[in-house]
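Presented below is the structure to which this report refers.
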Amino acid sequence: MSRQLSEQEQIRRDNLQAIIDLGLSPYPSPSFPINANAKDIKANFTPEKPEGYQEVILAGRLMSRRIMGKASFAELMDSTGRIQIYVSRDDICPDEDKTLYNTVFKKLLDLGDFIGIKGFAFFTKMGELTIHVKELTLLSKSLRPLPVVKTDAEGQVHDAVSDPELRYRQRYVDLVINPDVRNVFRQRTQIYTTMRNFLNERGYLEVETPILQPLYGGAAARPFKTHHNTLDMTLYLRIANELYLKRLIVGGYEGVYEFSKDFRNEGMSRFHNPEFTQIELYVAYKDYEWMMSMTEELMEKIAMDLYGTTEVQVGENLINFKRPWKRYTMYEAIEHFTGTDISNMTEEQMFAFAKSIHVEVDKSMGRGKIIDEIFGEKCESHLIQPTFITDYPVEMSPLAKKHRSKEGLVERFEAICNGKEICNGFSELNDPIDQRARFEEQLELGKRGDDEAMVLDEDFLRALEYGMPPTVGIGIGMDRLSMIMTNQPSIQDVLFFPQMKPEAT
RNA sequence: GCUCUCUUAGGUUCAAUUGGUUAGACUACCCGGCUUUUACCCGGGGGGUAUUGGUUCGAGUCCAAUAGGGAGCACCA
C-alpha cells in the first residue's frame with residue numbers, strides 16, 4: 001500500500017499539510033464562478049476597449065511561476081490555453097497579513113495546482129497580455145510533479161515529453177502538457193459530429209445493438225469469449241454489428257447506423273488495437289454505386305469541417321478528398337499496377353502469375369484469395385489519393401450480393417487512402433437461400449481449420465427469410481479514419497487509452 | 001507468435017572518447033536575492049545508470065536472462 005514518495009512528492013504533501021494547518025482547504029467544494037477563458041481574452045481584449053475584461057474570473061492549472069520578491073508572474077492554463085497572470089503581494093494581501101502571498105503563493109503552491117483568479121486584463125511593458133490578479137483562490141492541490149514543457153519566443157518547444165510509454169499509459173499527463181494531443185482528440189470528436197449530423201440530416205437512425213452476443217458474426221476474425229453466470233452460457237464480444245443492423249432493416253427501418261465498439265482477439269500493431277470503433281451504416285433500396293457517392297460526399301465534408309479544405313496533409317502526402325474519387329475494379333487495379341490482365345485467367349494461371357511477380361501464394365488458396373493477395377501486395381500501398389476498388393471475388397465476401405453481371409464477383413467496394421483501407425461496403429446479400437449456402441461454405445472453411453471463418457447464424461437467416469429489401473451497407477474504421485484525418489502515425493495516437501501490457505510493479 | 005531496436009537524476013529532455021578518477025548539463029525541486037518578467041535572471045544545495053546475473057583489475061558502456069516500450073513481419077480494420 002505505502003509507496004516510497006519522491007522528494008518532490010514529499011514536498012508537495014508537506015505543502016498540502018501546511019495549507020490545511022493555515023485553515024485553508026486544499027480541495028474546496030463550492031462552485032467557482034468562471035466568467036472568462038484564456039482564448040477569449042487573448043482574442044478579444046484590447047486596452048482601448050477594456051470593457052468586459054475589467055473583472056474576469058478564470059480557473060485552471062498553475063503551469064509556471066516566476067517570483068521576483070513582492071511581485072510575480074505565472075502562467076494559468078485552462079481548457080482553452082495558457083495565459084499569463086501577474087500577482088503582486090499588496091494586491092492580493094491589502095491588509096497587514098501577507099500570508100496569502102508570502103507563504104501560500106510563493107511557497108505552498110506548486111506547478112500543476114488548480115487555482116482560481118479574479119482580476120483585470122492588461123499588457124505588460126514587454127507587450128504580453130496578462131491578468132492582474134486581485135483575488136487568488138486555491139481550487140485543488142496537485143501532489144505529483146508534472147513534466148515542465150516550455151515554449152520559447154521562437155515557438156520552439158523544449159523538453160517536450162516524447163516517451164510514448166508515458167504518453168499512452170498516463171494519457172492524462174500527455175493531455176495536460178501537450179496541447180496538440182488535446183487537439184487531435186477534439187478533431188476525432190469533430191469527425192463523429194460531422195458524421196452524425198450528415199447521417200441524421202438524411203433521416204438515418206442512430207441505434208445500439210448488443211455487444212455481448214451468443215454468436216459472433218459479420219466479419220472474419222477471432223473473437224473474445226466470455227461467460228454469463230446466470231444464464232450459464234458462453235457469450236462473445238462482438239466483432240461486428242452487421243447482422244444486427246440488417247435485422248433492423250428487416251424490421252422496417254430504411255436507414256440505420258451505429259458507432260460500434262468491436263473486439264477482435266488478434267495481433268496488435270500501429271494499425272490494430274484489440275478494441276476499435278467502426279461505424280456501420282445500412283440503407284434500404286440503394287446499391288453500392290450509391291453508397292460510393294455518399295461516401296465521397298461524407299469524407300469531403302469531414303475534411304472541410306476539420307480544415308476548411310478538402311486537402312489533408314498525411315505524413316509526406318497531401319491527400320485530396322475532393323469528389324469524385326478514382327474508381328478501379330479489382331482486376332483493373334491489378335492490371336494497372338502489374339501490367340497484366342488476370343480477369344480471364346484460370347486458377348492455375350493466376351497461381352503461376354502470382355509466383356512470377358513474387359507474391360506468396362500456396363496451394364490452399366482459392367482463386368479469390370490469390371486475387372486478394374496480389375492486390376494487397378502489388379496495389380494497395382500505391383494508392384495514396386482516395387480510390388475506390390470495386391467488384392471483389394465472391395469467396396472473400398460471404399455477406400455481399402453477387403454482381404449483377406459479372407460471374408464470380410460481388411458488388412463490393414473498398415476505399416483505399418494513404419495505402420490503407422478506410423472503408424468497406426457492399427450491396428447486401430438479401431437472398432436467404434444464397435446466404436445459407438455461403439454460411440455453409442464458411443462452415444467448411446472452419447472445419448478445414450480456418451479459425452476466422454464465420455459461423456452460421458440461424459436467427460439471422462430466419463430474419464432474411466421474412467424478407468429484407470435491397471440494401472447497401474458500409475463499415476468505416478473510425479480509428480483508421482481518425483489517423484488519416486489528424487495525421488497521426490499510430491492508432492495509439494487516436495485512442496485515449498490504447499491497450500497496453502500491465503506496468504511492472 | 002517471430003526478428004530488430006531502445007531503457008541514464010523516482011517530473012522531463014539530453015551528455016559521458018577504445019571498457020578507465022567521485023556519471024555531467026538545462027529545467028524541475030529545496031534555501032537566499034529582486035515590484036512588469038518571459039525558455040526570466042544571479043548565488044548555493046540534495047537526488048541517477050529498468051531488474052537479475054556474468055566477463056573484467058575495472059562495466060552506463062561488453063554478454064545473457066527478465067520486464068516494459070518502439071519499429072517491422074504474419075493476421076486483420
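To find a chain, count down the sequence lines: A is the first, B the second, and so on, and within it residues start at 1. Computed from a prediction, not measured in an experiment: that's the story for all the values here.
Residue pairs meeting the ring pair (Phe, Tyr, Trp, His ring centres under 6.0 Å) criterion with at least one member in residues 106-134 of chain A, sequence neighbours excluded: F45(A)-F123(A), Y86(A)-H132(A), F120(A)-H132(A), F122(A)-H132(A).
Within the structure, a side-chain polar atom (N or O) of R66(A) is placed less than 4.0 Å from OP1 or OP2 of rC40(B). For rU13(B), the OP1/OP2 oxygens have a side-chain nitrogen or oxygen of S162(A) closer than 4.0 Å. Residue S88(A) places none of its side-chain N or O atoms closer than 4.0 Å to OP1 or OP2 of rU36(B).
At a cut-off of 3.5 Å, with distance as the only test, no side-chain donor of R188(A) or Q488(A) sits close to an acceptor on the other residue. A donor-acceptor pair shorter than 3.5 Å cannot be found between the side chains of S72(A) and R66(A).
Within the 4.0 angstrom heavy-atom criterion, no nucleotide atom of any strand lies near D262(A). Across all strands, A219(A) comes closer than 4.0 Å to no nucleic acid atom at all (heavy-atom distances). Contact annotation for K501(A): backbone-only contact, meaning every heavy-atom pair under 4.0 Å involves sugar-phosphate atoms and none involves a base. Counting non-hydrogen atoms under 4.0 angstrom, Y168(A) reaches the backbone sugars and phosphates but no base. Residue-level contact check: Q492(A) touches the backbone only, with heavy atoms under 4.0 Å from sugar-phosphate atoms and none from bases.
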Can you check nucleotides 72-75 of chain B for protein contacts, nitrogen or oxygen pairs under 3.5 Å, and list what you find?
{"from": "rG72(B)", "atom 1": "OP1", "to": "R270(A)", "atom 2": "NH1", "distance (Å)": "2.6"}
{"from": "rC75(B)", "atom 1": "O2'", "to": "E452(A)", "atom 2": "OE2", "distance (Å)": "2.8"}

For nucleotides 42-48 of chain B, which of its nitrogen or oxygen atoms have a protein nitrogen or oxygen under 3.5 Å away, and what is each distance?
{"from": "rG46(B)", "atom 1": "N2", "to": "E7(A)", "atom 2": "OE1", "distance (Å)": "2.5"}

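Qualifying side chain to side chain donor-acceptor pair (under 3.5 Å) partners for D493(A), counting only residues two or more places apart in sequence or in other chains: Y168(A). For T46(A), the side chain to side chain donor-acceptor pair (under 3.5 Å) criterion is met by no residue, not counting sequence neighbours.
Non-hydrogen atoms lying under 4.0 Å from RNA chain B are contributed by I67(A), M68(A), G69(A), K70(A), A71(A), F73(A), all within residues 67-78 of chain A.
With C1' as the reference atom, rG46(B) and rA9(B) are 11 Å apart, rounded to whole Å. Rounded to a whole angstrom, the distance from the C1' atom of rU13(B) to that of rU3(B) is 30 Å.
Nearest to the side chain of M126(A), among rA71(B), rU37(B), rG11(B), sits rU37(B). Each of rU38(B), rG11(B), rG68(B) was ranked by its minimum atom distance to the side chain of L166(A); first place goes to rG11(B).
Residue A354(A) comes nearest to I370(A) through the heavy atom pair CB-CG2, 4.2 Å, listed as atom of the first residue, atom of the second, then distance. The shortest non-hydrogen separation linking M483(A) to R270(A) is CE-O, 3.9 Å. Summarising the geometry of I92(A) relative to V133(A), their closest heavy-atom pair is CG2-O, 3.8 Å, with the distance given to 0.1 Å.
Taking a cutoff of 4.0 Å between a charged side-chain nitrogen and a carboxylate oxygen, K420(A) and E380(A) do not qualify as a salt bridge.
When Watson-Crick and G-U wobble pairs are counted only if both distances are under 3.5 Å, rU36(B) pairs with no nucleotide at all. Across the strands present, rA28(B) finds no partner; the criterion is a Watson-Crick or G-U wobble pair with both atom distances under 3.5 angstrom.
Of the residues near RNA chain B, K107(A) and N424(A), the one whose nearest nucleotide (by heavy atom distance) lies more toward the 5' end is K107(A).
With hydrogens and angles ignored, a donor-acceptor pair under 3.5 angstrom links the side chain of Q84(A) to the base of rU37(B). Counting distance only, with no hydrogens placed and no angle test, the side-chain atoms of Y86(A) and the base atoms of rU35(B) include a donor-acceptor pair under 3.5 Å.
Using a 4.5 Å heavy-atom cutoff, the side chains of K246(A) and Y282(A) are in contact.
Regarding L143(A), its CG atom lies at a distance of 19 Å from the P atom of rG10(B), rounded to whole Å. R65(A) has its CZ atom 17 Å from the P atom of rU35(B), to the nearest Å.
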